[in-house]
Asker: 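Can you keep this structure in mind? I'll have questions shortly.
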Amino acid sequence: MNRLDPFTYAFADLAESRFATVRREAAARGTGAGHRASFAALPAVQRILAEIETPELIAAAPQAAAEYLHTLYVAFLFWDAGRRVVALERSALDGALGGDPPRVLPPVPSGACYVQLPERWFWARVGPDDPPEPLDGVFVVSSGDGREITAVAVLGLRPDRDGFSQIAVTATPAEVLEARAASRTPPFASVLEGGDRAGVRSLVTTGELLHLVQLALAVAAG
């Protein structure tokens, strides 16, 4: 059975009808769309956000506005870069855990990609009171000047659900490299009941998400 594609599932209609306009506006302004501030200022982006945002949610949780922007930003750059998917094998990630950390963060493939993880191996919670959900993968994009990495983790992706949960984080390449030092020992130890016996792993902080991004980029670079 083929895995559900989060971009096709959540963004295909939007990409087909609106992303070309975003690309044209960015080119006309000469700013490109690789910087979040420039991207957010594009009229086409403002129109899309006005249509997809839920006012009640933003009123209750103002940080949700930033989440909408993060999601649209990574989805557009992923589409604009050719929809590159990097599927990682469990053995490769396990091997990377015991290796020496890179001194320089490897580049993001194509500048924007989706890192597809082994199914139901990593689990996380969006908030402390939310249920744990399996992590399908992570959209990872690099800003136009390479000074910023944005990662949006996709959780709870399934065909009977409208959309998915997400965890978004933005950091400098140096902060991504430093995340490893702040990770738990052992890395990604399960916090789920029976998780160790089941062989699953947990992400409990955005720092661990950045650590996972670092490992993924290192494995992708070979």
Side-chain angles (χ1 to χ4, degrees), residues 1-23 33 36 39-40 42 44-88 108 112-141 149-170 192 200-206 208-210 212-213 216:
M1 181 175 180
N2 292 331
R3 287 179 63 169
L4 198 61
D5 172 5
F7 181 87
T8 299
Y9 183 65
F11 303 109
D13 292 342
L14 187 64
E16 182 177 353
S17 62
R18 310 295 286 279
F19 280 4
T21 302
V22 174
R23 178 189 277 167
R36 276 187 304 140
F39 177 80
L42 294 171
V45 170
Q46 289 297 315
R47 290 192 294 271
I48 294 170
L49 289 173
E51 293 172 13
I52 66 175
E53 288 175 345
T54 305
E56 295 80 9
L57 175 59
I58 293 177
Q63 70 275 14
E67 293 285 335
Y68 279 113
L69 176 59
H70 273 111
T71 304
L72 185 58
Y73 174 67
V74 299
F76 172 78
L77 290 183
F78 173 76
W79 171 84
D80 196 44
R83 298 175 60 172
R84 172 80 176 272
V85 175
V86 178
L88 298 183
V108 177
C113 69
Y114 183 70
V115 176
Q116 187 183 69
L117 298 168
E119 289 187 273
R120 306 181 71 82
W121 187 29
F122 285 88
W123 291 70
R125 301 175 190 265
V126 172
D129 297 325
D130 294 308
E133 298 180 274
L135 179 62
D136 182 81
V138 186
F139 287 102
V140 183
V141 307
I149 301 292
T150 299
V152 174
V154 173
L155 295 89
L157 181 69
R158 59 179 189 269
D160 63 339
R161 180 182 183 184
D162 183 16
F164 49 77
S165 302
Q166 70 175 53
I167 301 171
V169 60
T170 297
L192 302 181
V200 300
R201 296 181 178 271
S202 294
L203 297 176
V204 299
T205 65
T206 54
E208 288 196 336
L209 174 56
L210 291 177
L212 181 59
V213 168

Asker: Looking only at heavy atoms, what is the nearest atom pair of Leu4 and Arg158, with distance?
Answerer: CD2-C, 3.6 Å
Asker: Under the criterion side chain to side chain contact (heavy atoms under 4.5 Å, CB included), I'd like the reasoning laid out for Phe139 against Val154: C-alpha separation, chi angles, the key distance, then a yes or no.
Answerer: CA-CA 8 Å; Phe139 287 102; Val154 173; 3.8 Å; yes
Asker: In Å, rounded to the nearest 0.5 Å, how long is the span from CD1 of Ile167 to OG1 of Thr206?
Answerer: 8.5 Å
Asker: Would you sort out whether Arg3 and Asp136 count as a side chain to side chain contact (heavy atoms under 4.5 Å, CB included), showing the intermediate values?
Answerer: CA-CA 9 Å; Arg3 287 179 63 169; Asp136 182 81; 2.7 Å; yes
Asker: From Gln116 CD over to Leu135 CG, what is the distance, rounded to the nearest 0.5 angstrom?
Answerer: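 Rounded to the nearest 0.5 Å, the CD-CG separation comes to 11.0 Å.
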Asker: What's the shortest heavy-atom distance between Val138 and Ala151, and which atoms?
Answerer: CG1-CB, 3.8 Å
Asker: Would you confirm whether Gln46, through its side chain, and Ala40, through its main-chain N or O, come within 3.5 Å as a donor-acceptor pair?
Answerer: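 Such a contact is found between Gln46 side chain and Ala40 backbone.
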Asker: Show the nearest heavy-atom pair for residues Arg84 and Ala112, with the distance to one decimal.
Answerer: CB-O, 4.0 Å
Asker: Is the Phe11 ring parallel, tilted or perpendicular to the Phe164 ring (thresholds 30°, 60°)?
Answerer: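 Aromatic pair Phe11/Phe164 classed perpendicular.
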Asker: Consider side chain to side chain contact (heavy atoms under 4.5 Å, CB included). Of Leu210, Val169, Val108, Thr170, which one does Ile149 pass it with?
Answerer: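 Considering Leu210, Val169, Val108, Thr170, a side chain to side chain contact (heavy atoms under 4.5 Å, CB included) with Ile149 is found only for Val108.
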Asker: Looking at every heavy atom in both Ala15 and Trp79, which two are closest together, and how far apart are they?
Answerer: CB-CD1, 3.9 Å
Asker: Do Leu212 and Val115 touch side chain to side chain, with heavy atoms closer than 4.5 Å?
Answerer: no
Asker: Let me confirm one number: the CD-CG distance from Glu119 to Leu157, rounded to the nearest 0.5 Å.
Answerer: 9.5 Å
Asker: Classify the angle between the aromatic ring planes of Tyr114 and Phe78 as parallel (below 30°), tilted (30 to 60°) or perpendicular (above 60°).
Answerer: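 The rings of Tyr114 and Phe78 stand perpendicular, inter-plane angle above 60°.
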Asker: Minimum heavy-atom separation for Glu133 to Gly156, with atom names?
Answerer: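 Taking every non-hydrogen atom into account, OE2-CA, 3.5 Å.
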Asker: Can you tell me how far apart CZ (Arg18) and CZ (Phe76) are? Round to the nearest 0.5 Å.
Answerer: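 Those atoms lie 13.0 Å apart.
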Asker: Check the surroundings of atom CG in Asp162: do more than 12 heavy atoms from other residues, nucleotides or ligands lie under 6.0 Å from it?
Answerer: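 Not buried by this count: 12 neighbours or fewer within 6.0 Å.
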Asker: Between Glu208 and Arg201, does at least one N-O distance fall below 4.0 Å, as a salt bridge requires?
Answerer: no
Asker: Got a second to check how far Leu72's CG is from Phe19's CZ, nearest 0.5 Å?
Answerer: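 Atom-to-atom, Leu72:CG and Phe19:CZ are 5.5 Å apart.
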Asker: Under the side chain to side chain contact (heavy atoms under 4.5 Å, CB included) criterion, do Val152 and Tyr73 qualify, and how do the steps go?
Answerer: CA-CA 10 Å; Val152 174; Tyr73 174 67; over 6 Å; no
Asker: Taking atom types as modelled, is there a side-chain donor on Thr150 or His70 under 3.5 Å from an acceptor on the other?
Answerer: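 Result is no, nothing qualifies.
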Asker: Any chance you could lay out the side chain to side chain contact (heavy atoms under 4.5 Å, CB included) test for Asp5 and Arg83, step after step, and finish with the verdict?
Answerer: CA-CA 11 Å; Asp5 172 5; Arg83 298 175 60 172; 3.5 Å; yes
Asker: Once you round to the nearest 0.5 Å, how far does CZ of Arg125 lie from OG of Ser202?
Answerer: 8.5 Å
Asker: Would one find more than 12 heavy atoms of other residues, nucleotides or ligands at under 6.0 Å from atom CZ of Arg120?
Answerer: no
Asker: Can you name the closest pair of heavy atoms from Thr8 and Ala12 and give their distance?
Answerer: O-CB, 3.2 Å
